[in-house]
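For reference, the structure discussed in these notes is given below.
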Amino acid sequence: MKINAPKGTQDILPEQALIWQWVEKQVREVFRVYNYGEVRTPIFEHTELFARGIGETTDIVEKEMYTFLDQGGRSITLRPEGTASVVRAFLEHNLAAKTGVTKLFYFGPMFRQEKPQAGRFRQFHQFGVEVLGENSPLIDAEVIAMATEIYRRLGLDALEVRLNSVGCPVCRANYRQALLDHLTPRSGELCASCQRRLVQNPLRVLDCKSPVCQGITAEAPQLDQYLCEDCASHFAAVRRYLDAMGVVYMIDSRLVRGLDYYTKTVFEVVYQGLGAQNAVCGGGRYDGLVQQCGGPPTPGIGFAAGVERLIITLEKQGKLPELSGAPQVYLSVLGDAPKLKAFEIAQNLRAQGIRTELEYAGRSLKAQMKTADKLNAALVLILGEDELARETIVLRNMKKGEQREVPWRELVTVIQEELG
RNA sequence: GUGGGCGUAGCUCAGUUGGUCAGUAGCGCCAGGUUGUGGCCCUGGAGGUCAUGGGUUCGAGUCCCAUCGCUCACCCCA
């Protein structure tokens, strides 16, 4: 029986991997200039971390986690997101003591047991940042600007930044009550899922796609009218800074993200061309999370961006870069006698940093040339018995279709010239 | 977890109302047309239990059911 990759997972083959490497390089460069340090946390954690950090009643914790008992009977969970782990590491190593503000980024796989669809996988990859210990709205604006900078750098356009504020626990509670007062009398008209949301997380009714529910919530009180003075002025400052930096965004008062820990600023970057799963990046402020994870009161803000969705967007926009995995040199060998010498030459070229492929099987020259052509090798070297006797090798420039015989000792220099 | 669509060679797919239907198809792969030379062209070749298991029928890739897989959407999210 043939074994396939588990549902919702995928192999990234060499050709695709070039794109991944390129994306990762660009992303890392942005993080570098913004002075973020990388943190690599385990991909599994004690289940309790996510339960407490993300929120017991979120969909992620309730039904999407890969959880199992290890040999010692401890409950372990494959991380469904990055923030909880980063906060855990931040506290565990007391990073707050090292600098006033801690700016971290991560890049790696996440796991959620959902039914796969376009742009959604069970193992998917995110990069993201977390800033811990900074209250200033300036950092909110910087984090959002940095996210847009990444997409700009990758050449993407037509992305939209959606921005909102969900307030703090105090003003959100007030709003929640006001919303309940408005919705409860009309609960019978809401769609089935919203009737459930009304009990579990009323704010989520706001971003229901059902026209009926949208109609009802259109007349509902607006969250921004309930923000307390601190939250309102923070939100205003964030917008002011974004305006000043020239970041284009739209206020989306229905934007209420699904994770419990968000406070004040929330935002998403979406690309409409992606279908139902159109968010390429989501984040916000989480001023209560560190404390909830057992640390001192510490403000935090961050975002997470999906790599698969980013690459799909690149594809849809035709922005994939031209990347080559071709060898620079293909070394053809004719007959048995030159084999060892050919291997020596190949090893020498590799030591010089020249990407070199070697014929292993001893096929006909024609077959070897075809392979070299297929691999898109820039140069082909041919070593047969004649060349072996003369201590030379034939060097063929595949693009020009020209070739000449080169003494072994000049080979590296000549190749470097040919490769430009 | 719920619903829709799909499942024929490595890939992209033909395959007519069930009766040589298993394709001379394209690309790819291998070999040959050159004794030591690619891209174009020509010739030949390998490769499929038509996802799997039942059923209907004289007869099923073609109809029905189930299972599995893929896919899209809902839920939710990156």
Side-chain angles (χ1 to χ4, degrees), chain A residues 1-10 54 57-65 79-83 106-128 147 191-194 196-197 200-201 204 207-210 255-259 268-271 274-283 302-313 330 332-335 338 359 361-388 393-403 405:
Chain A
M1 180 186 256
K2 194 172 70 174
I3 298 177
N4 295 322
K7 185 197 285 282
T9 68
Q10 53 185 355
I54 301 171
T57 62
T58 57
D59 277 16
I60 289 179
V61 172
E62 276 186 344
K63 52 188 191 190
E64 296 173 3
M65 296 203 301
R79 64 182 184 193
E81 56 107 55
T83 303
Y106 58 85
F107 195 121
M110 306 294 165
F111 307 85
R112 292 183 202 171
Q113 197 161 174
E114 299 181 88
K115 196 150 175 176
Q117 67 185 75
R120 179 203 278 162
F121 309 91
R122 290 187 166 180
Q123 174 174 339
F124 60 103
H125 297 74
Q126 290 184 326
F127 58 83
C191 72
S193 9
C194 280
R196 201 177 60 245
R197 290 185 184 123
Q200 291 185 342
N201 194 345
R204 293 216 60 90
D207 64 358
C208 179
K209 285 155 199 142
S210 149
L255 177 62
V256 178
R257 299 184 45 75
L259 279 52
E268 276 182 1
V269 180
V270 304
Y271 175 55
L274 284 179
Q277 314 300 322
N278 62 8
V280 293
C281 174
F303 69 71
V307 181
E308 285 83 356
R309 289 183 190 178
L310 165 52
I311 290 175
I312 292 168
T313 304
Y330 186 92
S332 291
V333 190
L334 295 171
E359 165 72 8
R363 296 131 74 216
S364 71
L365 180 57
K366 181 184 176 115
Q368 298 187 43
M369 291 297 287
K370 277 187 137 165
T371 301
D373 187 58
K374 200 163 38 195
L375 293 176
N376 205 18
L379 304 174
V380 169
L381 297 178
I382 304 168
L383 187 70
E385 307 201 351
D386 298 347
E387 291 80 11
L388 188 65
I393 194 162
V394 170
L395 182 151
R396 181 177 180 81
N397 184 313
M398 294 296 272
K399 190 158 276 177
K400 293 182 189 163
E402 296 168 359
Q403 64 186 51
E405 205 164 330

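Lettering follows sequence order; numbering is per chain, from 1.
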Would you measure the distance from the [atom1] atom in [N] across to the matching atom in [M] and give it in whole Å?
N     : M     : atom1 : value
B:C70 : B:U16 : P     : 28 Å
B:U8  : B:G1  : C1'   : 32 Å
B:C75 : B:A14 : C1'   : 39 Å
B:C13 : B:C63 : C1'   : 23 Å
B:C29 : B:C11 : P     : 15 Å
B:G15 : B:A51 : P     : 15 Å
B:C68 : B:G26 : C1'   : 30 Å
B:G48 : B:A25 : P     : 16 Å

Do A:Ile60 and A:Met65 have side chains that get closer than 4.5 Å, going by heavy atoms?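 They are in contact (side-chain heavy atoms under 4.5 Å apart), so the answer is yes.
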RNA chain B: A:Lys115 or A:Gly119, which has the more 5' nearest nucleotide?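 Whichever sits nearer the 5' end wins; that is A:Lys115.
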By nearest heavy atom, map A:Pro116 and A:Asn278 onto RNA chain B; which one lands nearer the 5' end?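 By nearest-heavy-atom nucleotide position, the 5'-most residue is A:Pro116.
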Got a donor-acceptor pair under 3.5 Å from the side chain of A:Arg309 to the base of B:C77?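 Side chain to base: pair present.
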Between B:C77 and A:Gln117, counting only base atoms on the nucleotide and side-chain atoms on the residue, is there a donor-acceptor pair under 3.5 Å?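 Looking at the base of B:C77, it does not pair with any donor or acceptor on the side chain of A:Gln117 (distance under 3.5 Å).
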Looking at A:Glu268 and A:Val270, would you say the former's side chain and the latter's main chain have a donor-acceptor pair under 3.5 Å?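 Here the side-chain-to-backbone pair does not exist.
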A:Ser332 side chain to A:Arg396 side chain, donor-acceptor N/O pair below 3.5 angstrom: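 Side chains of A:Ser332 and A:Arg396: no pair found under 3.5 Å.
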Under 4.0 angstrom, heavy atoms only, what part of the nucleic acid is A:Gly128 near: base, sugar-phosphate, or nothing?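 Here A:Gly128 touches no strand at all.
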Just call it for A:Ala304: base, sugar-phosphate, or nothing, with non-hydrogen atoms closer than 4.0 Å on any strand.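 If one applies the 4.0 Å heavy-atom cut-off, A:Ala304 turns out to touch the sugar-phosphate alone, with no base involved.
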Watson-Crick and G-U pairing of RNA chain B written in dot-bracket, each distance under 3.5 angstrom, with | for inter-strand partners: (((((((..((((.....[...).))).(((((.......))))).....(((((..]....))))))))))))....
Would you name the heavy atoms of [X] and [Y] that are closest together and state the gap between them?
X        : Y        : result
A:Glu81  : A:Gln126 : CA-OE1, 4.2 Å
A:Asn397 : A:Leu379 : CA-CD2, 3.9 Å
A:Tyr106 : A:Thr83  : OH-N, 4.4 Å
A:Ile382 : A:Ile393 : O-CG1, 3.2 Å
A:Lys7   : A:Arg122 : O-CD, 3.2 Å

Heavy-atom contacts, protein to nucleotides 26-38 of chain B, under 4.0 Å, summarised as B (base), S (sugar-phosphate only) or - (none) per nt, yield ---SS--B--BBB
Are any of A:Gln277's side-chain N or O atoms less than 4.0 Å away from OP1 or OP2 of B:C77?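 It does not, given that no N or O in the side chain of A:Gln277 lies less than 4.0 Å from OP1 or OP2 of B:C77.
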